[in-house]
Amino acid sequence: MTQSKRETERKYEPPSGGVAGLPDLTGVGPVASVTAAGPEELDAVYHDTEDLRLAGSSATLRRRTGGPDAGWHLKLPLAGDTREEVWAPLSDEVPESLRELALSRTRGAELRPVVRIRSTRTVRRLRDAEGGVLAELSLDEVRADAAASGGGRAEWGELEVELAEGVDAGLLDVVEKKLRKKGIVRADSPSKLARALRETGAGAGPERGPEVVAGSPGAYVLAYVREQAGRLVSLDPAVRGDLPDAVHRMRVTCRRLRACLRSYRSVLDRRVTDPVRAELRWLAGELGAARDQEVLGERIGAALADLPDELVLGPVAARLRVWEVSHGGEARSRTREALATPRYLRLLDALDALVRRPPLRAGAGRKPARTMARAVLDEYGRLAGRMEIALAQPAGRSRETALHEARKAAKKLRYAAEVARPALGKPVARLGERAKAVQQLLGEHQDAVVAQHTLRELAVAAHGAGESAFTWGLLHGLERAGAEARQRELTEVWRAASDPALRAPLEH
């Protein structure tokens, strides 16, 4: 059994004078009163791999006794001051559920104790006018010991401000303003573990290769790859937990990485990156079944809800629900099975190696205006070729297929522009935005085409069961009309995207 919650907090250096040095926060923002609690004695043993893979990705895993939430805690970074905290009951071994959620970071390496941190905690609770808890101020006296024999010891004080669940994060800012007036500043370590590792010498993270030259194409491309590879790892627990939109975001991340590695072959050696691209394509394909099912179900359900009641004949909603359940279960199983394979973990390892030991080519050290602009213009050329082929096709299946290929080319141009934007600025950003407009229009067209096939299958199944197929046929007709409308809009959208003035700044 696990429980999950969002934790939003900030850490500060302790005030001189301990608790007596804390400012009175009554009247700060919505704080109506401050009450005392504690002290508490907390004893936590932090677990990590030998090369500190969890700590290296800003995640922590601990077994803690004492306090109201004794148990195993896995903390995963989110945006800003917020983390996802997953709790599991106390046990002697790391719970399997937490091992699985940490797998994208540990890659199956053994988890072992690295640091023991004991804290004596004094708590002040900030309450609103109704007595509800808004936040807790915890003043900790910390003692850390490396788990390995002969390891070091460290002691320090720390002040932590943690919001109660559901409280606006703006409260942290007003509290911090009051703390600063008393000379209380942010701690220089993001967590107790980070400081304990540093001061006890409990371990070192994975080795990194030499840094590339700042401002070079290699630096920009590697920064993008590093960001997207980190996002892939971070999304893993959300996909395993079947959280909304998680599969879609992981699939898009795979596409961004593939496109970057393809577009910037003059920067990174394709003999190394092409096998990685192939594995990213495999993973995106495994994720695609779940995502396509989700999109289709939402699309057909929304169209059905928009129909007047008199046009809904037969058990249409029930049949759609049966289709969603049967197909959705299979798609989710396929996703979970993919994330459980050694092949997936090898892909994550390969991305790590790519960032740590990049296979740089000559283009990595040239001027961005030459190397990166050329890559973006090459992708534009491919898109223009695909569009020329698609628009020359007669209406029907061949044009639909050609438009789908053009859509994929528009994505590649958009992502190549994303990589280059920090280096080339507004000119490449404008081209990327126009490519996005083409991609989105063609995406709407493709969704309508796919929906027509599914609606026909549902109509055939309904007819075979002796039900009316009228509503399914009506929805099919609406999707067909929508696809034709998108094709009519395409000429104008492509004219804007292919304006030579957009490319001129990149060609000189």
Side-chain angles (χ1 to χ4, degrees), residues 238-252 255 284-338 394-408 411 439-490 493:
V239 173
R240 293 178 190 276
D242 201 23
L243 297 186
D245 207 38
V247 169
H248 170 60
R249 287 184 290 150
M250 182 179 270
R251 190 183 184 194
V252 169
R255 286 174 171 167
E286 297 303 298
L287 297 168
R291 175 58 183 168
D292 292 345
Q293 163 70 24
E294 181 183 5
V295 170
L296 260 179
E298 291 175 355
R299 185 182 185 91
I300 296 173
L304 183 59
D306 286 342
L307 289 180
D309 291 344
E310 62 268 22
L311 297 181
V312 181
L313 305 183
V316 177
R319 178 164 291 282
L320 178 60
R321 179 60 183 156
V322 169
W323 177 85
E324 288 179 321
V325 171
S326 61
H327 287 72
E330 294 173 5
R332 286 190 293 274
S333 294
R334 181 174 171 180
T335 295
R336 287 193 295 270
E337 289 169 4
R397 185 65 59 85
S398 60
R399 173 176 274 202
E400 290 173 354
T401 300
L403 288 174
H404 184 48
E405 292 301 312
R407 177 197 181 194
K408 291 190 285 187
K411 284 183 184 178
Q439 174 203 328
Q440 289 180 332
L441 182 65
L442 291 176
E444 292 169 9
H445 175 269
Q446 178 65 13
D447 288 346
V449 170
V450 173
Q452 289 175 61
H453 295 299
T454 300
L455 287 164
R456 185 182 183 283
E457 292 174 1
L458 288 166
V460 170
H463 178 76
E467 303 164 7
S468 172
F470 171 83
T471 301
W472 302 117
L474 177 59
L475 292 175
H476 184 282
L478 291 172
E479 290 288 7
R480 183 170 183 173
E484 292 171 352
R486 301 294 84 75
Q487 289 193 37
R488 289 192 295 272
E489 294 172 32
L490 180 59
V493 173

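For this chain, numbers begin at 1 and follow the sequence in order.
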Check: Do the charged groups of Lys408 and Glu405 touch, with an N to O distance under 4.0 Å?
Finding: yes
Notebook entry, point to check: Taking the side chain from Arg255 and the backbone from Arg251, do they hold a donor-acceptor pair closer than 3.5 Å?
Noted result: no
Note to self: Within a 6.0 Å radius of atom CZ on Arg399, are there more than 12 heavy atoms belonging to other residues, nucleotides or ligands?
What the structure shows: yes
Item checked: Taking every non-hydrogen atom, the tightest pair across Ala459 and Ala469 -> O-CB, 3.8 Å
Next item on the list: Report yes if some heavy atom in the side chain of Leu442 is under 4.5 Å from a heavy atom in the side chain of His404; otherwise report no.
Entry: no
Notebook entry, point to check: Is a side-chain donor-acceptor pair under 3.5 Å present for His248 with Glu294?
Noted result: no
Check: What distance separates Gln452 CD from Asp447 CG, expressed to the nearest 0.5 Å?
Finding: 11.5 Å
Next item on the list: Give the intermediate values and the outcome of side chain to side chain contact (heavy atoms under 4.5 Å, CB included) for residues Asp292 and Val450.
Entry: CA-CA 9 Å; Asp292 292 345; Val450 173; over 6 Å; no
Margin query: With ring pair (Phe, Tyr, Trp, His ring centres under 6.0 Å) as the rule and sequence neighbours excluded, what pairs involving residues 291-323 come up?
Written below: Trp323-His327
Item checked: Side-chain donor/acceptor of Thr471 to backbone N/O of Leu311, under 3.5 Å -> yes
Margin query: What I'd like to find out is whether the side chain of Trp472 reaches to under 4.5 Å of the side chain of Leu320, using heavy atoms alone.
Written below: yes
Check: Considering residues, nucleotides and ligands other than His453, do more than 12 of their heavy atoms fall under 6.0 Å from its NE2?
Finding: yes
Notebook entry, point to check: Leu307 versus Leu474: any side-chain heavy-atom pair under 4.5 Å?
Noted result: yes
Next item on the list: May I ask you to test the Arg480-Glu484 pair for a side-chain heavy-atom distance under 4.5 Å?
Entry: yes
Notebook entry, point to check: Can you tell if the side chain of Arg336 reaches within under 4.5 Å of the side chain of Arg332, non-hydrogen atoms only?
Noted result: yes
Margin query: I'd like to check Arg407 versus His445 (side-chain heavy atoms, cut-off strictly below 4.5 Å). Are they in contact?
Written below: no
Next item on the list: Find out whether Glu489 and Leu441 are in side-chain contact, i.e. whether some heavy atom of one side chain is under 4.5 Å from a heavy atom of the other.
Entry: yes
